[in-house]
Q: 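Below you will find the structure I want to go over with you.
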Amino acid sequence: MSLTSTDHDFSLESVEVASTPMQRFEEYLQSRAKRMTQQRRRIVEHVFQQHAHFDADDLIDQMQKTAGGKVSRPTVYRTLGELVDAGLLVKMTLRGRAVYEHDYGYPSHDHLYCMKCDSLIEFHSKEIEAIRDAVAEAQNFRVTGHRLIISGICEECSRAARRPNRRLDLI
C-alpha cells in the first residue's frame, strides 16, 4: 500500500484550550509554592510566540537578540524543565541533543527527522493511531499517548547530495 500526501491528509488539527500557556504555568508554579519571576515570564512569552522546535542554546540566543537582553542560562534550563513538568512542552532527544516543542494546546503528532540538517517535519496519521490502538487492545494496554520519530534524509538534503560534482568541488 502506497501512501502519498495527495491520498491522505497528514496536517495537524487544531486544539481548544481552557487557559493560556502563561496561566497554566502560573498555576503549576503556585501548586509548587514557586513564584512567576520576570525571567520566567519572558521565557514563556518567547517560547509561545511561535511554534518551532528549539534547544536551550537556540532559546538563549534568540532571547538575547529579540526579547530584551540577557537571560540567565541556569534559569532557562530550569524553566524548560518546569515547562515540561507542567505539560506545556515536550522534550525529545535527537542525537544526544535535547529539543523542545509545544505540547499544551498542540495536537498529537509525529515527526520525520532529517539526520543531515536536523529539521523536523510534523505530521498526523490516523493509520498510525489505528495500528497503535489495535496493538494496545491486543495486549490489554491502555494508551496515554505516543511519540514517533522517523529518521532519514529530507528532500532538500537528498537533492543536494545528488548534485553533480562541479570543477570547483574537485579542488
Q: Evaluate the side-chain proximity of Val99 to Asp58: yes if any heavy-atom separation is below 4.5 Å, no if none is.
A: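 Heavy-atom side-chain distance check fails, nothing below 4.5 Å.
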Q: With sequence neighbours excluded, what pairs up with Arg95 under the side-chain contact (heavy atoms from CB on, under 4.5 Å) test?
A: Tyr113, Met115, Asp118
Q: Indicate, with yes or no, if Ile121 and Ile149 share a hydrophobic cluster defined by side-chain heavy-atom contacts under 4.5 Å among Ile, Leu, Val, Met, Phe, Trp and Tyr.
A: no
Q: Please tell me whether Thr20 and Tyr104 have a donor and an acceptor in their side chains that are separated by less than 3.5 angstrom.
A: no
Q: What is the minimum heavy-atom distance between Ala86 and Phe25, and which atoms define it?
A: CB-CD1, 4.2 Å
Q: Are Leu29 and Arg35 side-chain neighbours, meaning at least one heavy-atom pair lies under 4.5 Å?
A: no
Q: Which value, rounded to the nearest 0.5 Å, describes the distance between Arg41 atom CZ and Met36 atom CE?
A: 5.0 Å
Q: Using side-chain hydrogen bond (donor to acceptor under 3.5 Å, both in side chains) as the criterion, point out the one residue from Arg97, Arg73, Gln62 that pairs with Asp57.
A: Arg73
Q: Nearest 0.5 Å, what's the CE-OG distance between Met63 and Ser72?
A: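 Answer rounded to 0.5 Å: 10.5 Å.
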Q: Using modelled atom types and a 3.5 Å cut-off, is there a donor and acceptor pairing between side-chain atoms of Ser31 and backbone atoms of Tyr28?
A: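 Pair found, side chain donor or acceptor close to backbone of Tyr28.
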Q: Taking only residues two or more places apart in sequence or in another chain, which ones pass side-chain contact (heavy atoms from CB on, under 4.5 Å) with Val84?
A: Leu89, Lys91, Tyr100
Q: Would you please classify the geometry between the His102 ring and the Phe48 ring as parallel, tilted or perpendicular, with 30° and 60° separating the classes?
A: parallel
Q: Mind checking whether Val90 and Leu59 sit in one hydrophobic cluster, side chains of I, L, V, M, F, W, Y counted as touching below 4.5 Å?
A: no
Q: Check for me, please, whether Val47 and Met92 land in the same ILVMFWY cluster - side-chain distances under 4.5 Å, paths through other members count.
A: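 Each belongs to a different hydrophobic cluster.
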Q: Are Val71 and Val44 connected into the same hydrophobic cluster when the rule is that any two of I, L, V, M, F, W, Y join if their side-chain heavy atoms are below 4.5 Å apart?
A: yes
Q: Mind checking the OG-CD spacing from Ser119 to Glu156? Nearest 0.5 Å is all I need.
A: 8.0 Å
Q: State, to 0.1 Å, how close Ser108 and His124 come at their nearest heavy-atom pair, and which atoms those are.
A: O-CD2, 3.3 Å
Q: Table please: side-chain donor-acceptor pairs of residues 131-145 below 3.5 Å, with sequence neighbours left out.
A:
residue	atom	partner	partner atom	Å
Arg132	NH1	His146	ND1	2.9

Q: Please answer: with hydrophobic residues joined when any side-chain heavy atoms are less than 4.5 Å apart, are Leu94 and Phe54 in the same cluster?
A: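 Looking at the clustering, Phe54 is in a separate group from Leu94.
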Q: List the atom of Leu88, the atom of Arg24, and the distance in Å for their closest heavy-atom pair.
A: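 The pair with the smallest heavy-atom distance is CD2-CG, 3.7 Å.
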Q: Could you check Glu101 against His109 for side-chain hydrogen bond (donor to acceptor under 3.5 Å, both in side chains), going step by step and ending with a plain yes or no?
A: CA-CA 11 Å; Glu101 73 169 345; His109 63 280; 3.0 Å; yes
Q: What pair of heavy atoms forms the shortest contact from Cys154 to Cys114, and how long is it?
A: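 Between these two residues, the closest heavy atoms are N-SG, 3.3 Å.
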Q: Nearest heavy-atom pair of Ala56 and Leu80: which atoms, and what distance?
A: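 Looking at all heavy atoms of both residues, the closest pair is CB-CD1, 3.8 Å.
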Q: Hey, are Arg32 and Glu82 close enough for a salt bridge, meaning a charged N less than 4.0 Å from a carboxylate O?
A: no
Q: Do you see a donor-acceptor pair shorter than 3.5 Å between the side chains of Gln39 and Thr37?
A: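 Result is no, nothing qualifies.
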Q: If I take atom NZ from residue Lys70 and atom OG1 from residue Thr75, how far apart are they, to the nearest 0.5 angstrom?
A: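 The OG1 atom of Thr75 is 10.5 Å from NZ of Lys70, to the nearest 0.5 Å.
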Q: Of the non-hydrogen atoms in Ile153 and Ser158, which two are nearest, and what is the gap between them?
A: CG2-OG, 3.5 Å
